[in-house]
Amino acid sequence: MLDLSLLTAQQRQAVTAPDGPLVILAGPGSGKTTVLAGRIASLVLLRGVSPSTILALTFTRAAAGQLRHRLAGMLASQAAEVDVFTFHGLGLRMVRLWAEQLGYATDRLTVYGEHEQREEIKRLSAELLPAAELHQPDDVVRAVDQLRLEGELGSIDGLGALTAEYEAVLRRRAALDFTAMLALPLRLLEKNQRALQLYQDAYRHVLADEFQDVTHPQYRLLRQLAGLHRNLTVVGDPAQMLYSWRGAGPWVLDALRTDFSETRTLTLDENFRSTRRIVAIGNAVGQEVAGGRMLRTANPEGCAPVVLCADDERAEADLIAGHVRRLIQRDGLPPEQIAVLYRTNDQVDELALGLRRAGIAYEVRGKRPDLLARKEVQDLLAYVRLALNPGDVLALTRIVNVPPRGLARLEGQLRSEPVAIEELPAAAQPLGPRAVASAQRLVQVIADLHGQAACRPAELLDAVLAGTGYGEGLDGRGDELAAHGLVRLRRLLEDVDDLVTWLAEVQSGDAGLSGSPSVVLSTIHQAKGCEWRVVFIAGLEEGLLPHGRALLDPDQDKALAEEQRLAYVAVTRAREQLFLSYCRRRTSAGELADRRPSRFLRRLPGALLRAA
């Protein structure tokens with residue numbers, strides 16, 4: 001149900017705007033998701049647009065899930081017909097649907113994580129790049145990704161040959177990496193007129209969230225999909241643009257207005273999330289990067305944000321933990337409504353230790369959850385990957401001697417020279433008859449598992465445990481995984497519908513586990529799009545926020561503007577209370593050094609703050 005009377009005048013204007021390209025500039029807490037869902041519901045309920053012709057794209061699974069939930073409340077059963085994807089999720093579906101045209105023999109694809117991509121390119125670099133072209137592995141990966149995204153695969157230099165061979169390896173192994181989830185759909189739409197026509201006909205309305213963080217390849221994808229009907233709605237806020245290092249930037253709005261010259265722009269500037277004092281802090285922090293746009297709110301004034309000063313990082317962690325404990329025990333605040341945000345991952349360990357010393361449960365965002373990071377779980381998931389795709393040579397390398405089957409020497413060989421499963425017995429021949437027999441048994445195990453690949457994910461896990469002997473080894477150890485972790489993994493898989501997509505999310509670190517209510521520890525980047533009743537921002541110091549790299553950047557103004565946007569995003573996550581902390585001294589490179597409060601803290605009006 002869509003009730004327009006519940007929306008403000010600004011929101012109604014955005015929800016009911018006529019066809020054509022539309023930019024919605026939405027400040028923090030202004031009801032961005034409400035407007036995005038409302039616009040989709042308006043198209044269906046008020047204008048008779050078929051929900052199956054609407055595509056909405058987000059950056060994270062959490063944002064996609066939230067949008068689907070809102071749509072379900074407005075459209076009931078019709079909500080399921082609206083396609084809501086992350087950019088990479090849409091790309092994965094497109095590659096699976098067009099696998100044959102893109103050079104794949106199967107649509108059962110394995111997704112490589114960043115580490116696997118890096119290791120494979122590193123291996124190929126040693127073979128294919130002339131000595132004069134050898135660079136740092138990360139530089140080579142970036143160059144290869146750029147060639148793939150730009151479609152420059154015809155280059156005859158060493159880097160071009162490396163790129164072409166890497167893509168050939170992916171096709172032979174029925175594998176994708178995250179770059180392929182954008183590069184291949186772009187290639188499909190830009191070179192296959194039939195595919196382009198089908199997608200443009202299918203999607204009469206395209207909507208994109210967090211438009212300020214769109215990269216060049218993502219913008220090209222949007223431009224192609226919306227090129228026929230020109231009904232492209234984008235929602236974003238330039239003041240929250242955090243990913244310039246990925247290629248995001250103000251250029252994207254200029255590009256949109258050039259390619260879609262009839263574009264209209266609407267603004268949402270009323271904050272419904274935060275108290276008046278927190279909104280004032282946000283305006284003070286972000287006024288220079290918000291293009292003069294100031295947020296307003298009708299919310300109560302609320303508590304004054306608190307400034308915390310500590311002697312060093314351990315004292316800071318204990319000071320924050322003490323306030324968190326009081327909020328939970330004295331004020332009855334649910335732990336999950338409290339977040340501690342920080343600029344760099346280097347800060348998290350001390351903050352986590354402080355919460356641990358105070359006996360407070362916490363959850364670290366931005367790192368793979370502990371269960372999924374365990375060696376045993378990664379081994380089991382490697383078997384699951386092989387069950388889905390026996391051609392996954394990296395998964396085979398991982399488990400060829402796990403559990404031990406007399407193939408340890410072969411494991412070392414496969415790390416430098418991966419082979420397909422059917423080639424395993426031949427590769428084992430130099431190791432003797434017992435190794436060959438063991439390799440043949442493993443081939444049969446994988447074949448049997450592949451025959452069960454259509455099972456539900458949890459049932460496939462049971463088959464892996466029984467068929468490989470791995471389960472017996474866990475039962476005999478009696479450790480945490482055997483007693484609790486395996487139960488949690490199976491319960492997790494019971495909720496998985498699309499195993500291929502879920503495995504891709506695991507590789508990206510985007511698949512999580514539910515647990516007991518916990519305080520959230522998160523980088524500011526990971527906190528984008530989230531909100532909590534109480535937010536602590538740790539390390540508001542020169543050298544941390546703004547980061548030391550920004551202070552040394554040749555283009556310092558641009559670098560500092562990005563740091564200012566980070567500070568703006570951080571303070572606008574809070575709904576009711578905000579704590580801003582800094583240290584007088586902090587350990588850096590093993591030495592305790594004096595620190596200065598951040599310029600973003602120093603410029604805040606003292607009348608808005610109070611000291612602890």
Side-chain angles (χ1 to χ4, degrees), residues 242 245 278 281-282 284-286 288-289 304-324 338-358 362 364 366 519-527 534-574 577-606 608-612:
L242 304 184
W245 47 277
I278 293 174
I281 290 290
V285 170
E288 295 174 6
V289 292
V306 178
V307 177
L308 306 175
C309 176
D311 286 336
D312 57 28
E313 60 265 39
R314 174 165 182 150
E316 178 188 44
D318 287 338
L319 187 59
I320 289 173
H323 281 279
V324 169
I338 303 172
V340 183
L341 308 183
Y342 41 87
R343 174 65 177 86
T344 73
N345 276 314
D346 291 340
Q347 297 169 255
V348 69
D349 290 337
E350 196 64 65
L351 293 166
L353 286 171
L355 293 174
R356 187 185 294 271
R357 286 191 292 269
Y362 62 88
V364 179
V519 173
V520 173
L521 289 171
S522 173
T523 63
I524 299 171
H525 282 92
Q526 287 286 332
V534 178
V535 168
F536 292 78
I537 306 175
L540 273 166
E541 304 150 23
E542 294 290 296
L544 268 182
L545 186 60
H547 197 279
R549 286 194 302 267
L551 300 176
L552 299 174
D553 195 296
D555 191 350
Q556 190 182 84
D557 288 345
K558 180 179 178 182
L560 286 174
E562 178 117 345
E563 296 296 304
Q564 188 171 358
R565 289 191 292 269
L566 273 167
Y568 179 67
V569 166
V571 299
T572 56
R573 299 309 95 197
Q577 295 186 62
L578 179 64
F579 293 80
L580 310 169
S581 78
Y582 69 95
C583 297
R584 296 187 181 94
R585 293 172 296 171
R586 186 179 294 272
T587 303
S588 178
E591 296 184 2
L592 195 62
D594 290 340
R595 310 293 291 216
R596 295 181 61 222
S598 167
R599 65 192 65 195
F600 305 135
L601 181 58
R602 297 197 308 269
R603 70 175 49 163
L604 295 178
L608 295 176
L609 305 169
R610 68 180 176 90

Could you state the interatomic distance from [atom1] ([X]) to [atom2] ([Y]), rounded to the nearest 0.5 Å?
X      : Y      : atom1 : atom2 : answer
Ile320 : Ile338 : CD1   : CD1   : 12.0 Å
Phe600 : Ile281 : CZ    : CD1   : 14.0 Å
Leu580 : Leu308 : CG    : CG    : 8.0 Å
Ile537 : Phe579 : CD1   : CZ    : 11.5 Å
Leu544 : Arg595 : CG    : CZ    : 5.0 Å
Leu353 : Asp318 : CG    : CG    : 9.5 Å

[X] pairs by side chain to side chain donor-acceptor pair (under 3.5 Å) with which of [options]?
X      : options                        : answer
Glu541 : Arg585, Arg584, Arg596, Arg586 : Arg586
Glu562 : Gln564, Arg565, Lys558         : Arg565
Thr587 : Arg314, Glu313, Glu350         : Glu313

Are Leu566 and His547 close enough, and set up right, to give a side-chain contact (heavy atoms from CB on, under 4.5 Å), and what steps lead you there?
CA-CA 10 Å; Leu566 273 167; His547 197 279; over 6 Å; no
Smallest separation among heavy atoms of [X] and [Y], with atom names:
X      : Y      : answer
Arg357 : Ala317 : NH2-CB, 4.4 Å
Gln577 : Ile278 : N-CD1, 3.8 Å
Leu341 : Ala527 : CD2-CB, 3.7 Å
Ala559 : Asp553 : CB-CB, 3.7 Å
Asn345 : Tyr342 : OD1-CE1, 4.2 Å
Val289 : Ala561 : CG1-O, 3.7 Å

For Leu545, is there any backbone N or O sitting under 3.5 Å from a side-chain donor or acceptor partner on Ser598?
yes
Using the salt bridge (Lys or Arg N to Asp or Glu O under 4.0 Å) criterion, which residues pair with Arg343? Sequence neighbours excluded.
Glu563
Taking atom CZ as the centre, does Arg603 end up with more than 12 heavy-atom neighbours from other residues, nucleotides or ligands that are less than 6.0 angstrom away?
yes
So do His323 and Val534 actually touch side chain to side chain, heavy atoms under 4.5 Å?
no
